[in-house]
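Read the structure below first, then the notes.
Quantities reported herein were computed from a predicted structural model and do not represent experimental measurements.
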Amino acid sequence: MDATTPDPISGTPSDSQPDALDRLLQVLDLRHLEGWGPRGEEDVLRGDSMPGPANRAYGGQVLAQAILAADRTVPDGRLIHSLHGYFLREGRVEEPIDFAVERLRDGRSFSARRTHAIQFGKPILSMIASFQEDQPGYEHMMPMPDGVPAPDEVGSAFDELATLPEGVAVRAQFWTDSAFELRHVGGSLYLNPDTAVADGGVPPATQMVWMRTRRPLEVKEQAMHRALLAFACDQLMLEPALRAAGKSWQDVGASVPMASLDHGMWWHRDVRVDEWMLFVQTSPTAQGGRALGTAKVYTQDGALVASAGQEGMIRLSA
């Protein structure tokens with residue numbers, strides 16, 4: 001194996017290649033723009049983009065950056081617990097993105113912020129988010145499904161995608177350029193549709209996926225881990241609809257245009273994205289060129305840490 005070839009077992013690029021996780025952390029390190037905003041430089045920040053297909057900025061990256069921009073403006077000790085964002089326009093990877101934060105309210109225990117991600121003078125994302133101090137209260141949660149295979153019992157995307165030649169888009173998206181490792185319970189959609197299609201059956205509109213960053217993180221701040229979880233979710237949210245339609249990621253593009261339209265998310269408990277998380281997903285409906293995806297996110301020991309919902313454009317023939 002030469003010095004430029006990724007390890008097909010671990011999926012980790014060699015020392016001569018940039019590390020996808022490091023690149024992600026770099027673009028999430030936003031910088032201030034002096035003199036902007038109603039309350040000074042901290043209300044407008046600027047960030048760059050990861051590489052993306054067709055030079056489009058990845059929506060999950062812009063969402064994570066918007067979260068961190070808003071977090072910079074809230075009182076210490078308050079963490080994001082919910083958001084709703086609309087993806088309004090394509091972002092371009094070669095152009096910096098400005099994040100303008102509006103301070104809507106600071107109450108005794110909650111803060112509300114609106115963030116616009118702006119390129120060429122126009123918003124590409126509009127997000128409103130709520131932050132809360134850590135407070136005691138009544139607790140309950142839906143349990144994680146029983147009998148789910150452990151991550152080490154499930155095949156890795158890195159091993160599966162190593163069989164593809166360089167230059168194939170899905171290989172770059174989920175391996176070479178991916179900051180996260182994914183392990184689909186019951187099989188992925190990277191190379192082929194759900195196995196039910198081959199067997200002549202109807203594929204389910206559900207799936208379960210283990211996910212974590214491809215290596216441990218030095219950063220400990222909960223705000224960063226929550227932002228990274230939002231980034232990770234956007235990779236998966238529409239997969240159950242793709243599965244139900246009998247399609248694979250090889251079909252996405254010219255034959256199956258797909259894009260995120262909006263994203264809602266709720267954080268229930270602290271999370272570490274460098275530890276295995278189980279995404280329990282469904283697609284309740286698809287119609288009119290749109291599909292809805294939902295996810296519950298659990299730690300490996302069964303704590304429900306987040307829930308998410310996303311509607312996306314997915315152009316499929318009837």
Listing request: all salt bridge (Lys or Arg N to Asp or Glu O under 4.0 Å) pairs with a residue in residues 300-313, at least two apart in sequence or in separate chains.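 Sorted result for residues 300-313: Arg290-Glu311.
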Output every pair passing ring pair (Phe, Tyr, Trp, His ring centres under 6.0 Å) with a member in residues 70-99, not counting sequence neighbours, ordered by first then second residue.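 Sorted pair list: His81-Phe110, His84-Tyr86.
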With ring pair (Phe, Tyr, Trp, His ring centres under 6.0 Å) as the rule and sequence neighbours excluded, what pairs involving residues 256-313 come up?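 Non-adjacent pairs meeting ring pair (Phe, Tyr, Trp, His ring centres under 6.0 Å): zero.
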With sequence neighbours excluded, what pairs up with Ser111 under the side-chain hydrogen bond (donor to acceptor under 3.5 Å, both in side chains) test?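 side-chain hydrogen bond (donor to acceptor under 3.5 Å, both in side chains) list for Ser111, sorted by chain: Arg78, Asp106.
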Identify, with sequence neighbours excluded, every residue that meets side-chain hydrogen bond (donor to acceptor under 3.5 Å, both in side chains) alongside Gln281.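 Partners of Gln281 under the side-chain hydrogen bond (donor to acceptor under 3.5 Å, both in side chains) test: Gln207.
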For [X], all residues meeting salt bridge (Lys or Arg N to Asp or Glu O under 4.0 Å), sequence neighbours excluded:
X: Asp270; answer: Arg226
X: Glu218; answer: none
X: Asp274; answer: Arg272

Please report the closest heavy-atom contact between Pro75 and Arg113, naming both atoms and the distance.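 Heavy atoms of Pro75 and Arg113 come nearest at CD-NH2, 4.4 Å.
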Pairs under 3.5 angstrom only: tabulate donor-acceptor contacts from the side chains of residues 194-201 to other protein residues two or more places apart or in another chain.
{"residue": "Asp194", "atom": "OD1", "partner": "Ala196", "partner atom": "N", "Å": "2.9"}
{"residue": "Asp194", "atom": "OD2", "partner": "Arg243", "partner atom": "NH1", "Å": "2.7"}

Applying ring-ring contact (aromatic ring centres under 6.0 Å, His included), can you list everything that pairs with His116, at least two apart in sequence or on another chain?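 ring-ring contact (aromatic ring centres under 6.0 Å, His included) check on His116 returns nothing, list empty.
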Run the ring-ring contact (aromatic ring centres under 6.0 Å, His included) test against Tyr58 and tell me which residues pass, sequence neighbours left out.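 For Tyr58, the residues satisfying ring-ring contact (aromatic ring centres under 6.0 Å, His included) (neighbours in sequence not counted) are Phe231.
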Considering only distance and modelled atom types, tabulate donor-acceptor pairs under 3.5 Å from the side chains of residues 135-146, sequence neighbours left out.
{"residue": "Gln135", "atom": "OE1", "partner": "Gln132", "partner atom": "NE2", "Å": "2.7"}
{"residue": "Glu139", "atom": "OE1", "partner": "Arg269", "partner atom": "NH2", "Å": "3.4"}

